[in-house]
Student: 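Would you mind keeping the following structure in view while I ask a few things?
First the proteins, then the strands, lettered A, B, ... as listed; each starts at 1. Keep in mind the model is a prediction, meaning the values are calculated, not measured. Excluded from the calculations below are hydrogen atoms, water molecules and symmetry mates; all remaining heavy atoms, backbone and side chain alike, are included.
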2 protein chains.
Amino acid sequence: MKNEQGDVLPPRDFESLRSLIIERRAALPKRLVQVARYFLDHPDEIAFGTAASIASAAAVQPSTLVRFAHQLNYDGFSDLQKVFQGRLRERTSNYDDRLKALKNTKQDKPEETQLLNGFMAAAQKSLQDFSSSIDIETFARSVGILANADTIYLVAKRRSYPLIAHMAYAFGKLRIKNCIIGSPNGIDAEIAELATPRDAALAISFSPYSADSVAHAQMMVRTQVPLVAITDSAFSPLAVCAREWIEIAEADYSGFRSLSASMTLCMALPVAVAEARR
Amino acid sequence: MKNEQGDVLPPRDFESLRSLIIERRAALPKRLVQVARYFLDHPDEIAFGTAASIASAAAVQPSTLVRFAHQLNYDGFSDLQKVFQGRLRERTSNYDDRLKALKNTKQDKPEETQLLNGFMAAAQKSLQDFSSSIDIETFARSVGILANADTIYLVAKRRSYPLIAHMAYAFGKLRIKNCIIGSPNGIDAEIAELATPRDAALAISFSPYSADSVAHAQMMVRTQVPLVAITDSAFSPLAVCAREWIEIAEADYSGFRSLSASMTLCMALPVAVAEARR
DNA sequence: ATATTGTCAGAATATATATTCCATTATTTG
DNA sequence: CAAATAATGGAATATATATTCTGACAATAT
């Protein structure tokens, strides 16, 4: 079968595909117009359905779907379907931006530009994911726990340390008693023992969880200190023992995980706690 | 295979499933815990992937996925997968719900939601502004200076301290000699004096500039140490004396300035330096 | 009116995918 | 420590699914 477009590569992103379908629709045979219409009207169904289910919903034969895909220069129905799946996958993060950024980088300075843009993209994605996944009730309860505490003990090591470094600064500025358990002086355990049920602990750790952080958090939980955790999974050792826990799944660029979402949360928390105390 | 839950019907909505997995996690064998974890951490992947692709991503056998599904009383992997697909359908199909949810929250809990959204917005804006204003040449030259240094001295206080705390960690991981001048032990000046022209300094400070940071940076410049600065204005005392300087204007929410753009830059820098050294 | 080209449904086939099974390896229990 | 039990990985199998093929039909041109 010959196609008037020759063997041009088919679009891989949804928007281009959409335009292509609209443009071609006029020149298509009857059944294929019917398919085109169904595809544009029910993109979600296309993403999840099987060829058979979609065919019957659109009142055509499965083979017609394959012909339609071929007409658009795709390998087959499955290939075309991937574009619809991609659309849903990227719904949360802004697909266009990332694509645009990637295109730009490929031209001028591959090394540094790509690197920087990669980290920027990861940061943006982290923020977007977090803002769509955060449960405000959990956040509010966490704030409540910390607001009722006498002293707030801050637990974090290694990669997460900068987060509590900032919180210690912010709490200090806001005149809220706090104490870091993450310093390199080796008496963390002793300090952790000073915490009472009238205090509260805030622990931050992401996979692979720092053994020390987990140990200190657990120690405090054992002595009835209310624990709020910020971590990346329901199975994190912190999540399982915390009174409240907030999930953050940071995006990464070539193995280096972002800190943007966590940092933003760590900026909001002290302010929220201060507000709650007033 | 007999299951302690008998033949209770498995959950058909994502939230119930999530709870069920968390509840059962403890009683599950090792591999199945691993699967459980992957499922909850990467729900989107589960929705679209094939058993084979998911299995390899989670580092288990496809058969393990089936066993996991059976353990939860599903017919098989495909049956379980449908729940994950359903979640995505819900989430994307009615945009209205999310909007409604946002409105509701504004009534219920104006305090926390507004606060958190405000910080998120500031973070996003910072990233966007920075990504459109950054001069990649400057970044590349800064990386060059740091890559040629023997030891990298990191200068920052107060609000900027978490940034170099992260860099010290990153440089350390990348086996790049570095030294923090920002610790509270009072011998910063003495340490700064050790720097030679073969080293380099990286100073970070935003208005109002920390007197100490500025003093230390200037001291090093006087002894011919190449200085790279990250600051917020061309008139910053750091900008005027640095060999290279990168401008970052963070957005703020009710007076609290974001750290997202700076942090992202501080994640990219060490990696770029390490690449340049290779 | 007839040849030609294009379209289609449905059957046949190829391929991808999930699932089951079994031998081997861990783990528990007496 | 030995025996029993459960868990695991990998191959074999069953099933679902997409794709191709064929002949019939319809539209169009000659």
Student: What is the separation between atom CZ on A:Phe77 and atom P on C:dA16, rounded to the nearest whole Å?
Tutor: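 In whole Å, C:dA16 P lies 16 Å from A:Phe77 CZ.
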
Student: Is a donor from one side chain sitting under 3.5 angstrom from an acceptor on the other, for A:Ser142 and A:Glu244?
Tutor: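 No, no side-chain donor-acceptor pair sits under 3.5 Å.
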
Student: Any N/O pairs under 3.5 Å between the protein and nucleotides 20-30 of chain C? List them or say none.
Tutor:
none

Student: Count the heavy atoms belonging to other residues, nucleotides or ligands that lie under 6.0 Å from CZ of B:Arg12, then report whether that count exceeds 12.
Tutor: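 Counting other residues, nucleotides and ligands, CZ of B:Arg12 exceeds 12 neighbours.
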
Student: Please determine whether a side-chain nitrogen of the Lys or Arg among A:Arg158 and A:Asp212 lies less than 4.0 Å from a carboxylate oxygen of the Asp or Glu.
Tutor: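 No salt bridge links A:Arg158 with A:Asp212.
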
Student: Counting only non-hydrogen atoms, which of residues 35-42 of chain A are less than 4.0 Å from DNA chain C?
Tutor: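 Here the set is empty: none.
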
Student: For the pair made of CD in B:Gln71 and C1' in D:dT8, what is the distance, rounded to whole Å?
Tutor: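 The distance from CD of B:Gln71 to C1' of D:dT8 comes to 14 Å, rounded to the nearest Å.
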
Student: Whole angstroms only, please: what is the CD-P distance between B:Gln81 and C:dT19?
Tutor: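 So the CD-P distance, B:Gln81 to C:dT19, works out to 9 Å.
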
Student: Would you call the rings of A:Phe119 and A:Phe256 parallel, tilted or perpendicular, where under 30° means parallel and over 60° means perpendicular?
Tutor: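 Geometry flag for A:Phe256 against A:Phe119: tilted rings.
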
Student: Should B:Arg87 and B:Asp44 count as an ion pair when the cut-off is N to O under 4.0 Å?
Tutor: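 Looking at B:Arg87 and B:Asp44, the cut-off is met.
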
Student: Decide whether A:Ser207 and A:Asp232 meet the rule of one side-chain donor and one side-chain acceptor closer than 3.5 Å.
Tutor: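 Looking only at side-chain atoms, A:Asp232 and A:Ser207 do not form any donor-acceptor pair under 3.5 Å.
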
Student: Whole-Å distance between C:dA18 P and B:Lys82 NZ?
Tutor: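 About 12 Å, once rounded to whole Å.
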
Student: Does this structure show an ion pair linking A:Lys82 with A:Asp75, if we count only N-O contacts that are shorter than 4.0 Å?
Tutor: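 Answer for the salt bridge query: no.
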
Student: If you measure only the distance, is there a donor-acceptor pair under 3.5 Å linking the side chains of A:Thr231 and A:Ser236?
Tutor: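 A pair is found: one side chain offers a donor N or O, the other an acceptor, under 3.5 Å apart.
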
Student: Starting from C1' on D:dC25, measure out to CZ on A:Arg31 and report it in whole angstrom.
Tutor: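 Interatomic distance, CZ of A:Arg31 to C1' of D:dC25: 13 Å.
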
Student: For this output row, return yes or no: ring centroids of A:Tyr161 and B:Tyr169 closer than 6.0 angstrom.
Tutor: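 That pair fails the under 6.0 Å test.
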
Student: Aromatic ring centroids of B:Phe48 and A:Phe48 under 6.0 Å?
Tutor: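 Between B:Phe48 and A:Phe48, the centre distance is under 6.0 Å.
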
Student: Any idea which of D:dT19, C:dA9, C:dC8 is nearest the A:Thr64 side chain?
Tutor: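 Side chain of A:Thr64 sits closest to C:dA9.
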
Student: Taking atom C1' of D:dA18 as reference, at what distance in whole Å does atom CG of A:Leu65 sit?
Tutor: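 Atom-to-atom, A:Leu65 to D:dA18, this comes out as 10 Å.
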
Student: Would you mind reading off the distance between A:Tyr74 atom OH and D:dA18 atom P, rounded to a whole angstrom?
Tutor: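 Atom-to-atom, A:Tyr74 to D:dA18, this comes out as 17 Å.
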
Student: Tell me which residues in residues 46-61 of chain B put a heavy atom below 4.0 Å from DNA chain C, sorted by number, or none.
Tutor: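 Close to the strand are B:Thr50, B:Ala51, B:Ala52.
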
Student: Before we go on, tell me: are the rings of B:Phe77 and B:Phe68 under 6.0 Å apart, centre to centre?
Tutor: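 Centroid distance B:Phe77-B:Phe68: not below 6.0 Å, so no.
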
Student: Whole Å only: how far is the CG atom of B:Leu80 from the P atom of C:dT19?
Tutor: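 Distance, rounded to whole Å: 10 Å.
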
